[in-house]
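A short write-up of the structure that comes next.
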Amino acid sequence: MTVLVTGGAGYIGSHTCLELLKEGHKVVVADNLCNASAKSLERVSRLAGGEEIPFVNCDLRDEEQLEALFQRWSIDCVIHFAGLKAVGESVAKPLAYYDNNLNSTITLCRVMERHGVKKIVFSSSATVYSGDNQMPLSEQSKTGSCTNPYGWTKFMCEQILRDLAKADPDWTVVLLRYFNPVGAHESGLIGEDPKGVPNNLMPFISQTAIGRRSCLSVFGNDYDTHDGTGVRDYIHVVDLARGHVAALDFLMKEKGEGVFNLGTGVGYSVLDMVHAFERANGVPVPYQIVDRRPGDLATVYSTPEKSRRELGWEATHSLEDMCRDSWNWQSKNPQGYESEE
Ligand code: NAD
Ligand code: UDP
């Protein structure tokens, strides 16, 4: 099958391209590199035994370029990762987020429809769930009441895709709600390469361990959790990538919409993560406790039961694997893809 992977040069996209190639699929990547390096695809290609990855450097809102892409390659289905994802930035620049994330999705679907390609997997997020749900979150948990524009773009894109599947029974849409992706491919050749100061916990931990940051700020230790720090459902990025391969099988067999959590079902606190990282890698992670980060919830974790049952997928990597692979990537590429090889 030939899969168009939008945002395929990015963190999750690059790992997914590799898993798709390993399963014998062909991959075409469209990415405007606004938050990625084309080097990631060279490395994916190397890891896949030199398999070629056609790459189109384009903005998904550019309908003409997308049209040319669909004319050039015979695409069977699309995995749509492309989007802006920084929560704080979305609060500061709401228009940029709504424009990029919504218009990319709409333009992509319009071109897909024109070419009779009506199968899409969408990168959604646990952020679409409302803050007042009981844990664990299932696909039936309440959504909406998002606390930032980024979350609303995911919520709205889900709605757009659902409406599409409702209006035309030939569409199949799979909405994958990711929990907290961390880690890297075990080779250390591809991984997460955030620009500027990382917003997320794991890259901040590994950049502190390597000395790029002096100290991790732990946002609050007075939550109602086992050690007072926030609890999340961290999932190894390779498990997440494999979740997309499993979703493709569903996409080809089913019609309508499918919504699935991709998480492990287990929650770890910020301090659990710090200590696990130190233990797995034998490196210290200096930290200080600071105020809570506005908008954070105490505890967020999934039940991955539906994905297990209906996709036949479950996470297999341990917390130790996540910590070891994050550090392997960070220490081999201290400055990310800009590091010398
Ligand atoms: P990423 O930034 O590494 O990847 C996104 C890619 O999309 C980048 O390569 C970027 O250059 C590209 N892109 C953005 N806007 C584009 C546009 N208009 N046209 C073409 N390319 C564009 O992020 P990631 O962590 O790999 O996330 C992938 C997807 O998963 C995103 O949609 C993100 O919102 C979603 N997601 C991520 C997380 C997470 O914690 N990483 C959690 C939940 C959901
Ligand atoms: N966190 C932290 N310090 C940081 C970044 C994150 O203490 O520098 C905490 C944050 O408060 C939350 C957890 O780590 O409890 C995961 O945060 P992240 O931003 O990675 O994911 P999200 O909040 O989106 O689940």
Side-chain angles (χ1 to χ4, degrees), residues 5-16 29-38 40-41 56-62 65-66 79-88 90 96-97 99-105 107-108 121-128 147-148 150-151 153-154 157 176-182 190-195 197-205 207-208 213 215-221 223 225 229-235 237 240-241 244 262-263 267-274 287-301:
V5 183
T6 77
Y11 172 44
I12 307 170
S14 55
H15 288 81
T16 302
V29 169
D31 196 306
N32 66 359
L33 302 181
C34 69
N35 195 39
S37 161
S40 65
L41 294 175
V56 179
N57 185 340
C58 77
D59 192 305
L60 285 192
R61 291 166 294 182
D62 184 334
Q65 277 198 284
L66 266 191
I79 304 183
H80 179 34
F81 291 104
L84 300 175
K85 63 162 186 179
V87 170
S90 80
Y97 270 68
D99 178 22
N100 192 78
N101 293 2
L102 297 185
N103 287 326
S104 289
T105 304
T107 308
L108 172 66
V121 176
F122 176 66
S123 294
S124 189
S125 165
T127 188
V128 301
T147 51
N148 55 73
Y150 166 70
T153 68
K154 292 294 172 195
C157 285
L176 297 180
R177 293 179 178 155
Y178 312 156
F179 281 70
N180 291 61
V182 295
I190 54 173
E192 185 171 15
D193 184 15
K195 295 206 182 356
V197 181
N199 297 301
N200 295 113
L201 179 64
M202 190 56 120
F204 209 108
I205 289 179
Q207 289 194 8
T208 305
R213 315 274 156 213
C215 182
L216 167 74
S217 294
V218 174
F219 298 141
N221 67 348
Y223 286 106
T225 62
T229 65
V231 167
R232 296 289 183 274
D233 185 341
Y234 297 93
I235 174 167
V237 67
L240 193 72
H244 293 74
L262 294 183
Y268 292 107
S269 74
V270 177
L271 292 182
D272 290 338
M273 298 301 286
V274 169
Y287 70 85
Q288 58 175 344
I289 307 291
V290 301
D291 286 346
R292 290 181 176 195
R293 184 171 65 179
D296 272 356
L297 296 173
T299 300
V300 180
Y301 64 96

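As the structure is a computational prediction, the values presented were derived from the model and not from experiment. Computed from heavy atoms alone, side chains included, the values below leave out hydrogens, waters and symmetry copies. Residue numbers start at 1 and run along the sequence shown. Counting starts at 1 for both ligands and their atoms, following the listed order.
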Is there any N or O on [X] that sits under 3.5 Å from an N or O of ligand 1?
X      : value
Pro181 : no
Asn35  : yes
Phe179 : no
Lys85  : yes
Ala30  : no
Ser124 : no
Ile12  : yes

Could you tell me the residue and atom name of the protein heavy atom closest to [atom], and the distance to it rounded to 0.1 Å?
atom                    : answer
atom 5 (C) of ligand 1  : Gly83 O, 3.8 Å
atom 31 (C) of ligand 1 : Phe81 O, 3.1 Å
atom 17 (C) of ligand 1 : Asn32 ND2, 3.4 Å
atom 19 (O) of ligand 2 : Arg293 NH2, 2.8 Å
atom 9 (C) of ligand 2  : Val270 CG2, 3.6 Å
atom 4 (C) of ligand 2  : Phe219 CE1, 3.3 Å
atom 3 (N) of ligand 2  : Ser217 O, 2.7 Å
atom 19 (N) of ligand 1 : Leu60 N, 3.0 Å
atom 4 (O) of ligand 1  : Gly10 CA, 3.6 Å
atom 11 (O) of ligand 1 : Asp31 OD1, 2.7 Å
atom 3 (O) of ligand 1  : Tyr11 N, 2.8 Å
atom 33 (C) of ligand 1 : Tyr150 OH, 3.6 Å
atom 12 (C) of ligand 2 : Arg232 NH2, 3.8 Å

Worksheet item: Taking all non-hydrogen atoms of both residues, which atom of Leu102 and which atom of Cys157 are closest, and how far apart?
Response: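 Here Leu102 and Cys157 meet closest at CD2-SG, 3.6 Å.
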
Discussion item. If I compare all heavy atoms of Lys154 with all of Ser125, which pair ends up nearest, and what's the gap?
Written reply: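 Closest approach of Lys154 to Ser125: CG-CB, 4.3 Å.
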
Worksheet item: Please walk me through it: do Arg61 and Asp99 pass side-chain contact (heavy atoms from CB on, under 4.5 Å)?
Response: CA-CA 9 Å; Arg61 291 166 294 182; Asp99 178 22; 3.0 Å; yes

Discussion item. Show me which atoms of ligand 2 lie under 4.0 Å from any heavy atom of Asn200.
Written reply: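 Taking each heavy atom of Asn200 in turn, ligand 2 has 18 (P), 19 (O), 20 (O), 21 (O) under 4.0 Å.
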
Worksheet item: Of all the atoms in ligand 2, which lie at a distance below 4.0 Å from a heavy atom belonging to Asn199?
Response: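 Once the distances to Asn199 are compared, the set is 5 (C), 19 (O).
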
Looking at [atom1] of [X] and [atom2] of [Y], how far apart are the two atoms once the value is rounded to the nearest 0.5 Å?
X      : Y      : atom1 : atom2 : value
Lys85  : Asn200 : NZ    : CG    : 6.0 Å
Ser37  : Ile190 : OG    : CD1   : 12.0 Å
Ser40  : Leu33  : OG    : CG    : 8.0 Å
Ser90  : Tyr150 : OG    : OH    : 9.0 Å
Thr16  : Tyr11  : OG1   : OH    : 10.5 Å
Asn180 : Leu240 : CG    : CG    : 10.5 Å

Answer with side chain, backbone, both or neither: which part of [X] has a heavy atom less than 4.0 angstrom from an atom of ligand 1?
X      : value
Ala126 : neither
Lys154 : side chain
Asn101 : neither
Ser104 : side chain

Discussion item. I'd like to know whether Gln65 forms a side-chain contact (heavy atoms from CB on, under 4.5 Å) with Thr107, so could you lay out the CA-CA distance, the side-chain angles of the two residues, the decisive distance to 0.1 Å, and finally the verdict.
Written reply: CA-CA 11 Å; Gln65 277 198 284; Thr107 308; over 6 Å; no

Discussion item. Please compare Asn180, Val87, Val290 and report which has the shortest non-hydrogen distance to atom 22 (P) of ligand 2.
Written reply: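 Shortest heavy-atom distance from atom 22 (P) of ligand 2: Asn180.
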
Practice prompt. Measure from atom 15 (N) of ligand 1 to every heavy atom in Asp62, Asn100, Asn200 and give the option owning the shortest one.
Written response: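 Minimum heavy-atom distance to atom 15 (N) of ligand 1 goes to Asn100.
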
Discussion item. Using the rule given for side-chain contact (heavy atoms from CB on, under 4.5 Å), can you reason through Val197 versus Phe204, listing the C-alpha separation, both sets of side-chain angles and the distance that settles it, and then say yes or no?
Written reply: CA-CA 8 Å; Val197 181; Phe204 209 108; 3.8 Å; yes

Can you name the atoms of ligand 1, numbered from 1 with element, that are less than 4.0 Å from a heavy atom of [X]?
X      : result
Leu33  : 11 (O)
Gly7   : 6 (C), 7 (O)
Ser125 : 43 (C), 44 (C)
Ser123 : 29 (C), 30 (O), 32 (O), 35 (C)
Cys34  : 10 (C), 11 (O), 13 (N), 14 (C), 15 (N)

Worksheet entry | Contact (N/O only, under 3.5 Å) between Leu297 and ligand 2 |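 In fact, backbone or side chain, Leu297 has no N or O that close.
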
Worksheet entry | Within-cut-off N or O pair, Leu201 and ligand 2, under 3.5 Å |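 It does: an N or O of Leu201 is found under 3.5 Å from an N or O of ligand 2.
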
Worksheet item: Between Leu216 and ligand 2, which part of the residue brings a heavy atom under 4.0 Å of the ligand: side chain, backbone, both or neither?
Response: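 Under 4.0 Å from ligand 2, Leu216 contributes side-chain atoms alone.
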
Discussion item. Tell me the contacting part of Asp296 for ligand 2: side chain, backbone, both, or neither, using a 4.0 Å heavy-atom threshold, strictly below.
Written reply: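 Looking at Asp296 and ligand 2, just side chain atoms fall under 4.0 Å.
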
Worksheet item: Mind checking whether His15 and Phe81 have ring centres under 6.0 Å apart?
Response: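 No, the ring centres sit 6.0 Å or more apart.
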
If we only count heavy atoms from C-beta on, is the [X] to [Y] side-chain gap below 4.5 Å?
X      : Y      : answer
Leu60  : Asn32  : no
Cys34  : Leu84  : yes
Tyr234 : Leu201 : yes

Worksheet item: Is there a heavy atom of Val218 sitting under 4.0 angstrom from any atom of ligand 2?
Response: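 Distance cut 4.0 Å: Val218 passes for ligand 2.
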
Worksheet item: With a 4.0 Å cut-off on heavy atoms, is Tyr234 touching ligand 2?
Response: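 Checking ligand 2 against Tyr234, which is what was asked, there is a heavy-atom contact under 4.0 Å.
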
Practice prompt. Evaluate the ring planes of Phe122 and His80, with Trp represented by its six-membered ring, and classify them as parallel (under 30°), tilted (30 to 60°) or perpendicular (over 60°).
Written response: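 Plane angle between 30° and 60°, so tilted.
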
Practice prompt. Would you check, one step at a time, whether the test side-chain contact (heavy atoms from CB on, under 4.5 Å) holds for His244 with Val5?
Written response: CA-CA 11 Å; His244 293 74; Val5 183; over 6 Å; no

Discussion item. With a cutoff of 4.0 Å, is Cys58 in contact with ligand 1, counting heavy atoms of the residue only?
Written reply: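 Yes, Cys58 has heavy atoms under 4.0 Å from ligand 1.
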
